[in-house]
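Chain letters run A, B, ... following the sequence lines, proteins first and then strands; every chain starts at 1. This one's a predicted model, so the numbers in the text were calculated from it and none came from an experiment.
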Amino acid sequence: METVRRALEPRLQGRRFARVDQRRPDLRFPFPDDFVARLTGRTVETLRRRAKYLLLALDSDEVLVIHLGMSGRMILAGPDPDTKRQETANFHHQAGRADSAIGEAPHDHVVFDFDDGTRVVFNDHRRFGLMDLVGQDQLETHKLFVGLGPEPLGNAFSHVYLNDALRAKQTPIKAALLDQRVVAGIGNIYACEALHRSAISPKRLARTVPGVRAARLAPAVKSVLEDAIAAGGSSLRDYVQTDGSLGYFQHAFAVYDREGKPCQRPGCDGLIQRIVQSGRSTFYCGKCQR
DNA sequence: ACGAGAACCTGTTTGC
DNA sequence: TGCAAACAGGTTCTCG
C-alpha cells in the first residue's frame with residue numbers, strides 16, 4: 001500500500017474530483033451514504049497511509065479511506081505528469097488495457113475522474129476491499145483504526161515494544177506478527193520474510209521471543225519492509241502497481257512461495273517448507289529458523 | 001478473554 | 001480433457 005500511495009500522491013494531490021462513478025452498492029461493506037455526492041467537487045489535500053489503509057484527506061474535512069483487501073488494485077490513467085501530454089500507446093500497453101477499456105474491465109467497481117483528466121480505477125474481483133468517508137477528527141476513534149498497533153517503520157515499533165507486546169501471547173510468533181493489534185500493516189509475505197531474516201521459527205510461541213530474538217525481529221521487520229518498498233512492492237499474479245507494471249520485491253523473496261527450494265542463507269543447506277498456521281500458508285527454513 | 005477456524009467472493013492452479 | 005478441490009495478498013465474526 002505504501003508503494004501505491006507513493007505512485008498516486010504526485011498525480012492526485014491538489015486535484016479535484018470531477019466525476020465519481022460508483023458501480024455497485026458495496027465492497028466488503030456498503031459504501032457510505034451519499035458517497036458520490038460527498039466526493040464530487042472536493043479537492044485531495046494529502047495522501048497518507050495507516051496500516052494497509054490509504055487515506056485521502058479532502059477539503060471538506062473528511063477523509064476517503066481505501067483498503068485493497070486481497071485482490072484490489074488502483075489503476076492510474078490520464079495525462080502524463082512529465083510530458084504534460086496524453087498518455088502514449090506504450091503506457092497503455094504496459095497497463096494491459098486498451099485506451100477505451102480503462103474503467104470498463106470486469107470488476108472495475110469505482111472510477112474516479114479528476115479535474116485535470118487523471119483517472120483512477122478501483123478494481124477488485126474478490127471485493128475484500130473497502131471504502132469509507134470519515135470526518136478528519138473521527139479518524140482515530142473510527143472502528144477500523146481503534147486498536148491498531150504501531151507502524152512498523154515508526155519509532156514506536158522497537159524490540160523494547162515487542163518485548164512487552166509479545167510477553168503474554170500464547171500464539172505462534174507468525175500469528176502474532178499478522179495480528180494488526182501487535183503491529184499494523186504486516187501481511188503474510190512480510191511476516192514470513194521477517195522471520196526468516198531474523199532466523200526465528202514461525203512456530204515458536206510469541207511469549208518466547210522477547211529478549212535476543214525480539215532484538216533481531218524488530219530490525220528485520222523494518223528492513224524487509226524498507227527493501228520491499230524500495231523495490232516497488234510485491235505484486236503477484238494480477239496484483240500490480242498503479243501504472244500496470246509489477247513490483248520487483250517478489251523476485252527477492254527468501255522463503256515466500258519457495259517451497260522445496262534451497263534456503264538462501266549463507267552456510268545453510270536447508271530446504272524451504274510450507275506449513276499452514278491459522279489457515280494461512282507459512283514458508284520457512286526448518287534448519288536455520290529456530 | 002483468547003486463539004483457531006470459518007466466512008466473505010472470485011479467479012486460477014493443481015490433482016485425479 | 002474435464003471437473004472438483006485447493007489455494008490466493010486480508011479482515012472480521014463466531015465458537016469453544
Counting side-chain heavy atoms from CB outward, which of [options] is closest to [X]?
X	options	value
A:His67	C:dG10, C:dA8, B:dG11	C:dG10
A:Lys52	C:dC13, C:dT11, C:dG9	C:dT11
A:His107	B:dT10, C:dC13, C:dT12	B:dT10
A:Phe29	B:dT10, C:dG9, C:dT12	C:dT12

Pick the P atom in C:dA5 and in B:dA7, then give their distance to the nearest Å.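 Result for the P pair: 15 Å, nearest Å.
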With rounding to whole Å, what would you report as the distance between B:dC9 and C:dC3 at their P atoms?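 Each nucleotide's P atom is 25 Å from the other's.
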Atom-to-atom span, [atom1] of [X] to [atom2] of [N] - whole angstrom:
X	N	atom1	atom2	answer
A:Asp108	B:dT10	CG	P	15 Å
A:His125	C:dA8	NE2	P	14 Å
A:Leu148	C:dT11	CG	C1'	11 Å
A:Asp26	B:dC8	CG	C1'	11 Å
A:Leu27	B:dC9	CG	P	12 Å

With heavy atoms under 4.0 Å as the rule, sort A:Leu144 into base, sugar-phosphate or nothing. sugar-phosphate
Centroid distance under 5.5 Å and plane angle under 30°, A:Phe128 vs B:dC8: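 It does: the two rings, one from A:Phe128 and one from B:dC8, meet the stacking criterion.
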5'-most contact on DNA chain C: A:Arg126 or A:Gln180, nearest heavy atom basis? A:Arg126
Is there, by distance only and without an angle test, a donor paired with an acceptor across the side chain of A:Arg127 and the base of B:dT10 below 3.5 Å? no
Let's test your reading of the pairing rules: Watson-Crick or G-U wobble, both distances under 3.5 Å, then write DNA chain C as a dot-bracket string with ( ), [ ], | and dots. .|||||||.|||||||
Close N or O pairs between protein and nucleotides 2-6 of chain B (under 3.5 Å):
{"residue": "B:dG3", "atom": "OP1", "partner": "A:Gln170", "partner atom": "N", "Å": "3.0"}
{"residue": "B:dG3", "atom": "OP2", "partner": "A:Lys169", "partner atom": "NZ", "Å": "3.4"}
{"residue": "B:dA4", "atom": "OP2", "partner": "A:Thr171", "partner atom": "OG1", "Å": "3.0"}

